[in-house]
Every structure is written in structure tokens, then in C-alpha cells.
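Written below as C-alpha cells is the structure these notes are about.
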Amino acid sequence: MPELPEVETIRAGLTPLVVGREIRELHIHHPRLRWVIPAEQLTKETVGQTIRAIKRRGKYLLLACGSGHILIHLGMSGRLQRVVANAPNAPHDHVVWLLDDGYQLRLNDPRRFGAVLWVEGEWRDHFLLAKLGPEPLETDFHAEYLHQQTRNRRIAIKHLLMNGAVVVGVGNIYASEALFLAKVHPALLAKELSKTQCAALVVAVKQVLNAAIAQGGTTLRDYRQSNGQPGYFAIELQVYGRAQKPCLTCATPIQSYVSGQRSTFYCPLCQPRPPEIEEMLR
DNA sequence: ACGCCCTCCTGTTGGC
DNA sequence: TGCCAACAGGAGGGCG
């Protein structure tokens with residue numbers, strides 16, 4: 001599934017291939033994604049226009065075009081690929097942009113959790129983007145900020161990290177990994193975190209995301225580049241998906257639990273929980 | 001304002 | 001070997 005590093009890789013990979021290209025045709029084979037694709041509006045606003053840039057905000061992609069932006073989210077299973085125009089349609093190729101150079105841009109999304117929308121004017125005001133928190137790799141995501149965000153919050157720190165209003169781009173997998181790196185238990189209530197722990201967590205989030213980007217946006221499951229080539233080495237997951245396997249630091253068996261219908265993994269020795277919290281959960 | 005839970009969807013996995 | 005249920009998961013939206 002594409003997380004922030006994969007989306008960033010797709011953005012960087014597609015930029016030299018499609019920026020400067022004119023959209024000749026738009027074909028929507030399946031309009032019902034997360035939201036119904038506004039086919040008429042997209043056609044009117046973008047066909048005949050040139051793609052000027054590809055931007056990213058969290059896991060959203062924004063194609064600057066005409067008087068606004070094409071907003072794309074890949075959901076869980078979305079792939080955005082540039083293919084030759086005469087390539088046969090594959091199952092789940094829901095949206096196809098025909099470009100002026102003999103190539104197509106295709107959105108393939110089996111589970112249809114993705115989105116394609118039109119954003120007129122200033123994209124930061126769009127309802128999906130307006131309330132998003134800072135980018136995790138920017139300087140405004142820092143220890144003081146996270147500490148302030150955690151005050152008085154009776155929510156598990158892992159859930160807080162996955163809240164896009166707090167910080168964007170940290171999904172289920174990277175949340176577990178970052179908490180392991182920071183030696184913070186995932187079930188710890190946000191308000192219980194010290195400034196030191198917040199600082200460690202900020203560093204850990206940046207570290208795990210940067211490592212994934214450096215490896216070309218490795219996905220933790222099966223992933224292919226935007227040009228269709230198989231690729232990248234899996235990043236070395238420390239805890240995610242490793243229940244009962246030995247911790248790579250201390251050899252203690254990795255534990256897992258489900259919370260909010262999301263699986264969570266941690267090392268009980270490396271990520272200790274204060275005794276009073278342990279008592280509460282008993 | 002906050003926390004909890006539901007929903008969308010289908011490929012994959014595991015049990016019998 | 002084959003069938004089918006459970007599962008995974010981003011994130012908006014509704015509700016208390």
C-alpha cells in the first residue's frame with residue numbers, strides 16, 4: 001500500500017514524465033471510488049490543458065493543471081502509472097489520461113479506496129486538505145509541537161500519530177516502526193508522554209520515513225514502481241508483521257494486539273509501559 | 001473538542 | 001483440491 005514514501009517516490013518519478021504534457025483525453029471507466037469522480041468538471045477543466053507540476057501533501061497528489069489541481073489519493077491499493085497509449089486496459093484501470101506524447105497516465109485501484117477530484121483555485125482550502133497537520137519531514141514537525149499536541153489527549157500515542165490533523169503521512173505500519181525506534185509503547189496515552197519521549201518520537205518518524213524514501217519508496221508488501229518495474233528492497237521492519245518473532249534488538253518475542261481494527265506490533269522489553277498503565281489495562 | 005466506531009472494497013490468507 | 005469466511009487497511013463522517 002502506498003504510504004508517504006511511496007507517494008513521494010511516485011511524485012518524483014512521474015514529474016519528468018508528465019510535467020509539460022498536455023491532456024488530450026480523459027476516460028473514466030469506473031467513477032465510483034472513495035467519492036464519485038466529477039467526470040464532466042474534470043473534462044471541462046483539464047482536457048486541452050498542460051500539467052504544470054505534481055505536488056504532494058501527505059499522501060495526496062496534486063497535478064497543477066488549468067485553473068486548479070487534479071487531486072489524487074491512492075487509498076490502499078492505488079497505482080498511478082505511465083504506460084504507452086496502445087497498451088491494453090488492465091482490470092481496475094479506472095481512470096486514464098491520454099497525453100500528447102503517445103503515453104497514458106493510468107490510475108489502477110482494485111479496492112477503490114482512492115480518489116480523483118477537481119480542486120478549483122487555492123488547493124490548501126480544499127476540504128480534504130485544509131485541516132491537515134504538518135508534513136513529518138518539514139521543520140515545523142518538531143518535539144515542542146508534538147508535545148503540545150499530546151497534552152490532555154486521552155488517546156493511545158499510536159492513534160495520535162496516525163491522525164492526519166496532528167501529522168500527515170504516518171500510517172499503521174510506520175507508526176509501529178517509529179514507536180519501536182523511539183522506545184515508546186504504542187498504547188501509552190498521549191498525555192503521558194514526556195518532552196524527551198516526544199523528541200525521540202519526532203526523530204524516529206523522520207528517520208523511518210527518510211529511510212524508506214532513500215530506498216525508493218519501498219512498500220512493505222508487494223509494490224511496483226510507477227513505470228511498472230518491480231523493484232526496491234523491502235525496508236527492514238523491526239516490529240510490523242513480526243509477532244512472536246524475536247526482537248532484532250533484544251530477542252524478546254514481538255507482541256501484537258488489535259486496536260481500532262488496526263494491528264499493532266511492539267517489543268515488550270524495548271518499549272516498556274509504566275506500571276500504572278499496565279495496571280489500568282489489566 | 002474529543003474519542004469511538006462504522007464504512008467503503010476486493011485480493012489474499014487460512015481453516016476445514 | 002475447493003470453498004468460504006475472516007482479514008487488512010486510509011481516512012472521512014456520524015454520533016455521543
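Quick note on labels: first sequence line is chain A, next is B, and so on, each numbered from 1.
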Ionic contact status for Asp101(A) with Arg82(A), cut-off 4.0 Å:
yes
Within residues 104-124 of chain A, the residues having a heavy atom closer than 4.0 Å to DNA chain C are Arg111(A), Phe113(A)
To the nearest angstrom, the CG-P distance between Asn152(A) and dC2(B) comes to 9 Å
| query | Taking the six-membered ring for Trp, are His29(A) and His27(A) parallel (under 30°), tilted (30 to 60°) or perpendicular (over 60°)? | reply | parallel
Q) If we only count heavy atoms from C-beta on, is the Glu135(A) to Arg56(A) side-chain gap below 4.5 Å? A) yes
Looking only at heavy atoms, the pair that brings Gly171(A) and Lys59(A) closest together is CA-NZ, 3.9 Å
Between CZ of Arg32(A) and C1' of dT10(B) the distance, given in whole Å, is 15 Å
### His92(A) vs dT10(B): side-chain N/O to OP1/OP2 distance below 4.0 Å
no
* Asked: Which part of the nucleic acid, if any, lies within reach of His159(A) when heavy atoms closer than 4.0 Å are counted: base, sugar-phosphate only, or nothing?
  -> nothing
| said: Can you tell me how the ring of His185(A) sits relative to the ring of Tyr257(A), calling it parallel under 30°, perpendicular over 60° and tilted otherwise? | reply: parallel
Does a side-chain N or O of Tyr60(A) approach OP1 or OP2 of dG12(C) to a distance below 4.0 Å, or not?
yes
### Query
Given His94(A) and Leu33(A), is the side chain to side chain contact (heavy atoms under 4.5 Å, CB included) satisfied, shown in steps?
CA-CA 9 Å; His94(A) 303 316; Leu33(A) 301 186; 3.7 Å; yes
In whole angstroms, the gap separating C1' of dA1(B) from CG of Asn163(A) amounts to 12 Å
* Pick base, sugar-phosphate or nothing for Arg153(A), based on heavy-atom distances below 4.0 Å to the nucleic acid. => sugar-phosphate
Rounded to whole Å, CG of Leu189(A) lies from P of dG3(B) at a distance of 9 Å
Of Gln261(A) and Arg151(A), the one whose nearest nucleotide on DNA chain B sits closer to the 5' end is Arg151(A)
Whole-Å distance, Lys131(A) NZ to dA11(C) C1', equals 14 Å
inquiry  = Less than 3.5 Å apart, any donor N or O on the side chain of Lys55(A) or His69(A) sitting next to an acceptor on the other?
reply    = yes
Exercise for the section: Have a look at Ser77(A) and say if it touches a base, only the backbone sugar-phosphate, or nothing, with a 4.0 Å heavy-atom cut-off. Expected result: nothing
Whole-Å distance, Met76(A) CE to dG12(C) P, equals 15 Å
Separation of dC6(B) atom P from Arg262(A) atom CZ, nearest Å, is 12 Å
To the nearest angstrom, the CG-C1' distance between Leu129(A) and dA11(C) comes to 13 Å
Report all interatomic pairs (protein N or O, nucleotide N or O of nucleotides 13-16 of chain C) with separations under 3.5 Å.
none

Heavy-atom nearest pair, Leu132(A) first then Arg57(A), reads O-NH2, 3.3 Å
CD of Glu22(A) to CG of Asp100(A), rounded to nearest 0.5 Å, is 5.5 Å
